[in-house]
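Every number for a ligand or one of its atoms is a count from 1 in the order of the listing. Below, each value reflects all heavy atoms present in this structure, side chains not excepted, and no hydrogens, waters or symmetry copies.
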Amino acid sequence: MRISSKIEKAINDQISYEASAVNTYIAMGSWCERTGYDGSATFFFEQANEENTHMLKFVHYLNNAEAEAIIPAIEKPQSKFSSLESTFQAALKSEQTVTKLINDLVEIAEKEKDRATSLFLQWFISEQVEEEILFQTILQKFEIYGREKLAVYQIDQSLASIRSQVMAKKQISR
Ligand code: FEO
């Protein structure tokens with residue numbers, strides 16, 4: 001299977017963004033860890049692993065399409081945050097950017113009449129819906145429980161296992 005140079009470049013750009021997301025989430029996890037938000041630290045380190053999986057899916061796709069996956073240099077991510085809530089706001093914003101980038105990629109694939117790439121990208125479309133729901137669900141908790149120290153502590157504690165809870169809910173609704 002061969003892909004066009006346009007698709008190759010677009011996917012390499014996406015590899016770069018996914019790699020940035022890995023480091024961004026590690027930086028968020030690291031800030032949470034040193035601030036005492038252990039539940040959120042666990043959450044963000046797991047999220048970084050997910051992003052690494054996304055990056056590798058694109059890397060394998062290009063390499064198997066007789067193209068070259070370019071492993072990028074990454075800029076230093078933000079390392080300090082003003083509050084736990086602000087880390088999740090930044091995370092949601094980043095996921096919304098990824099959703100847009102994936103949609104743009106789909107558009108390029110469709111214009112190039114590249115059905116295989118369009119099909120490959122379907123997984124990422126569903127994944128982005130899930131990622132945005134996950135972060136919206138977490139941000140809702142701040143609205144419900146509030147932002148007092150004890151409320152934030154309880155939210156943090158609930159985050160160590162939120163991924164499995166949200167995933168389980170989705171399995172039920174499918
Ligand atoms: Fe790889 Fe969270 O987007």
Please lay out, stage by stage, how Glu95 and Leu134 fare under the test side chain to side chain contact (heavy atoms under 4.5 Å, CB included).
CA-CA 10 Å; Glu95 292 303 334; Leu134 180 60; over 6 Å; no

For the residue pair Lys80 and Trp31, would you count it as a cation-pi contact if the rule is NZ or CZ under 6.0 angstrom from the ring centre and within 45 degrees of the ring axis?
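Verdict for Trp31: no cation-pi partner in Lys80.
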
Residues forming a salt bridge (charged side-chain N to carboxylate O under 4.0 Å, His left out) with Lys9, sequence neighbours excluded
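Result, salt bridge (charged side-chain N to carboxylate O under 4.0 Å, His left out) vs Lys9: Asp13.
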
So how far is it from Leu159 CG to Thr42 OG1, rounded to the nearest 0.5 Å?
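Result: 9.5 Å between the selected atoms.
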
Result block: side-chain N/O donor-acceptor pairs under 3.5 angstrom for residues 66-76, not counting sequence neighbours:
residue	atom	partner	partner atom	Å
Glu66	OE1	Arg2	NH2	3.2

Scan for salt bridge (Lys or Arg N to Asp or Glu O under 4.0 Å) pairs involving residues 133-159, sequence neighbours excluded, and state none if there are none.
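For residues 133-159: Glu85-Arg147, Glu143-Arg147.
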
From atom 1 (Fe) of ligand 1, how many protein N/O/S atoms are found at a distance short of 2.8 Å?
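For atom 1 (Fe) of ligand 1, protein nitrogen, oxygen or sulfur atoms under 2.8 Å: 3.
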
